[in-house]
Amino acid sequence: MDPVRKRTKDSFKSCDSTHLAPFPDEVLEKVLSLVKSHKDRSSVSLVCKDWYNADRWSRGKIFIGNCYSVSPEIVARRFPNIRSVTLKGKPRFSDFNLVPQNWGADIHSWLVVFARVYPFLEELRLKRMVVSDESLEFLANSFPGFKVLSLLSCDGFSTDGLKAIATHCKNLTELDIQENGIDDLGGGWLSCFPETFVSLEVLNFASLNSDVTFDALERLVNRCKTLRVLKVNKHISLDQLQKLLLRAPQLMEVGTGSFQQELVPRQFSELETAFKSCKNLHTISGLWEASSVYLPVIYPACVNLTYLNLSYATLQSDELSKLLPNCSNLRRLWVLDTVEDKGLEAVGSSCPLLEELRVFPADPFDQDMVHGVTESGFVAVSNGCRKLHYVLYFCRQMTNAAVATIVKNCPDFTHFRLCIMNPGQPDYLTSEPMDEAFGAVVKTCTKLQRLAVSGLLTDRTFEYIGKYAKNLETLSVAFAGSSDWGMQSVMEGCPRLRKLEIRDCPFGNAALLSGLDKYESMRSLWMSACNVTMNGCRLLAKNMPRLNVEVIKDDESDDNEADKVYVYRTVVGPRRDAPPFVLTL
Amino acid sequence: MTTPLEHDYIGLSETPTAEVSLENMSETNKNYVLNLKETELRLGLPGSVSPERKPGNVVPFFGNVLEDVKVGSFKNFGSGAKRGFSDAIHGSGKWAFSTKSDAEVDLAKASVEEASVYGNTLKPVEENKRSPQNENAAAPASKAQVVGWPPIKSFRKNTLATSVSKNADAVEGNSTSGCIYVKVSMDGAPYLRKVDLKTCGNYSELSSALENMFSCFTIGQCTSKGLPEREGLSASRLMDLVHGSEYVLTYEDKDGDWMLVGDVPWNMFTDSCKRLRIMKGSEAIGLAPRAMEKCQSRN
């Protein structure tokens, strides 16, 4: 059945007193193959040698959260039968330009090993990796059964690489290209899918900038009868969208193109009908430049929507207020702060089942803006949406009292990411630090896994976090804290902490070293523009040989300052592809 | 309890009677607050007065520092956290001010690259991206921004920059009634103008509107009729261009191509025109043939 297996062990083994489980290995493997989550799989492999081996042979999917924590050779040796790989590369702050170019995380060396060991590889999902056109071409030609390519926040390739994928991957089911820094040399890649190619299920090219040939797209959509996700870019107009929807009424997720075009009434009703005919539609995104005039075409589809992404549509509050009463089943909503507090009140009153809300700033750099959302919008949502558990909220003012109310209304937060956009801004009513706000969050939300803090914060915030945030796994800190004690409180508390990213805080060597015992149980630590010195980093590196302590040197700073520090656990020692500005201590 | 020390880093407080306790601030900060008011960046035409800030809306850059926080630790905060910031204040040589004003995506890309080279240094390039209408764009110091803050991915920043400015245009022009304001640039002019294509019913009205705005030239090339007599028109225009002395009116269409104004029917033109540019005739050679191809392909 499985051509790659090279097992030599006997299928049946006699059980002796040291073995807990007397079933044949094949049964064990079959049972374990039903365990999907990679964390559970990891736990399984730690039970005993038999289980370790059973997991080894039956593992089909592997997740590597930090590509430098392990090498492709080690992966290949341990897991012979991998079909699906998920790899993450650069530290998350690279999304915000804090990591210089050519830092690393190149996929190519992985692909070379995979081509040798996993010729039947089907899925590759990459996040924050560097991918070149050569790598994409190599990929397209090395894995005949390749099905799923997902590139999120990657860079280094161009649309030429996509041409190779479209041309050679005959069994492709998913092509998902999101938010990458790539060279868009034109839309010709889409035309490279051969006429015989019919297997596509997911196509997302929403973040590519150039025009694809609409004719080719229409034919592709027409012949791929199993297409369930289609997210086009903003060059696709409304009447083109209408044609696509007609060809694919089975779609479950639609990302529209530009929503701004002058339509005559006939076109309007045709578009409305097209949306109505997509009975399985549960997600709508795109909606670039959506104007209130045409938004109503999606109303018929709204009742079934569970996810609506309006974060590229500069809607005003009245437009949102008219739209949302149609969306009573919404679970996830992404909006821009142009909807203001009034729009958020509509969210609270129309979407009682809401679980996730993200409010992005339309104009994040304009400090003169008196618009956007405030604490009252957030409170309004929390009043109406008691099931809210994921929030990302960009605002320009907040109060401790508001946050306390919010978490009282919604105690089930698992992800609480609050970004008060002016660094170090206090409670605007009381002028106090925002310590009590985050204190309320960690005390009330016992399931909290991810927290991002902002505003004026003293060490008190971190005392609270260390003491109460027992399930916290990811913490993001910027422009906060008063002394080393802050970070130390976190390092000494938070038993489940895995990822800690800190920028522009007054934490120094004492803080860094307070985590000595913790870093091996974490994926990584990032500290930039703090008070850490090279000596502190060297001390850490010396005491913890299984960590890589990397310093990214800034040319202008003096020699003893450690401007950007990235610490992560690894089984393969210092990386060999580090560029000259990365010093591994 | 003593009143909180207010450390106002970039003189953001606009109210002249701001309670800034100058006596507790360091020398550099003091000077900074006093001098930067002059160069403070505002949105608005030159000579306009920006609206008074609501009291209590003053947001010092790093907020109030309460008395129980040691002054020393605040300094710590300053030296560590704002290393880049003070570099920017003192090291003015780093203000690489990009002069590209179109193609916001390019600009944002440039700022991304610059950011990665400069690390923590503040960059004013972000400023330029969102102030096409801001005549005071030459004063970077007072609106300094921090690299990578607020934490928004580049893709989103770039996309929103274009749609926010587009929407700003639309909102200005009462978009619900269908005004079409497009920017008009003229080679050599110090600033751009905007014209509402809806108020001009045809090419000659557009021509006179533009003439009024940029009165130092003439646009004789636009036809008064909407219907093109393509060959003859382009040929005569070409002749004018060859002589190189006139200005030529061109526009950027939805595909991003620069076209000669006057070839297509007026309605088609207003539908596809994104912006106008009054080009020097000598530069415009080579547009006319392309304009013809485009027309032909539209049929």
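Below, read A as the first sequence line, B as the second, and so on, with proteins coming before strands; counting in each chain starts at 1. Computed from a predicted model, the values in this text were never measured in an experiment.
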Spacing of [X] atom [atom1] and [Y] atom [atom2] [to the nearest 0.5 Å]:
{"X": "K157(B)", "Y": "D363(A)", "atom1": "NZ", "atom2": "CG", "value": "12.5 Å"}
{"X": "W149(B)", "Y": "C419(A)", "atom1": "CH2", "atom2": "SG", "value": "4.0 Å"}
{"X": "S237(A)", "Y": "K254(B)", "atom1": "OG", "atom2": "NZ", "value": "8.5 Å"}

What part of [X] lies closer than 4.5 angstrom to a heavy atom of chain B: side chain, backbone, both or neither?
{"X": "D211(A)", "answer": "side chain"}
{"X": "F507(A)", "answer": "neither"}
{"X": "F93(A)", "answer": "neither"}
{"X": "I552(A)", "answer": "neither"}
{"X": "S311(A)", "answer": "both"}

Whether over 12 other heavy atoms sit under 6.0 Å from R460(A) CZ =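 At most 12 heavy atoms, drawn from other residues, nucleotides or ligands, come within 6.0 Å of this atom.
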Around D318(A), counting heavy atoms of other residues, nucleotides and ligands shown, do more than 12 lie under 6.0 Å from its CG?
->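 Correct, the count exceeds 12.
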Is there a side-chain contact between [X] and [Y] (heavy atoms, below 4.5 Å)?
{"X": "F479(A)", "Y": "V146(B)", "value": "yes"}
{"X": "N97(A)", "Y": "K153(B)", "value": "no"}
{"X": "I152(B)", "Y": "F394(A)", "value": "yes"}

Partner residues of Y393(A) under the ring pair (Phe, Tyr, Trp, His ring centres under 6.0 Å) criterion, sequence neighbours left out =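 Counting only residues at least two positions away or on another chain, Y393(A) forms a ring pair (Phe, Tyr, Trp, His ring centres under 6.0 Å) with F378(A).
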State, to 0.1 Å, how close [X] and [Y] come at their nearest heavy-atom pair, and which atoms those are.
{"X": "A206(A)", "Y": "F155(B)", "result": "O-CZ, 4.4 Å"}
{"X": "F96(A)", "Y": "P151(B)", "result": "CE2-C, 3.3 Å"}
{"X": "P150(B)", "Y": "M421(A)", "result": "CG-SD, 3.7 Å"}

R503(A) (side chain) donor-acceptor with G148(B) (main chain) under 3.5 angstrom = yes
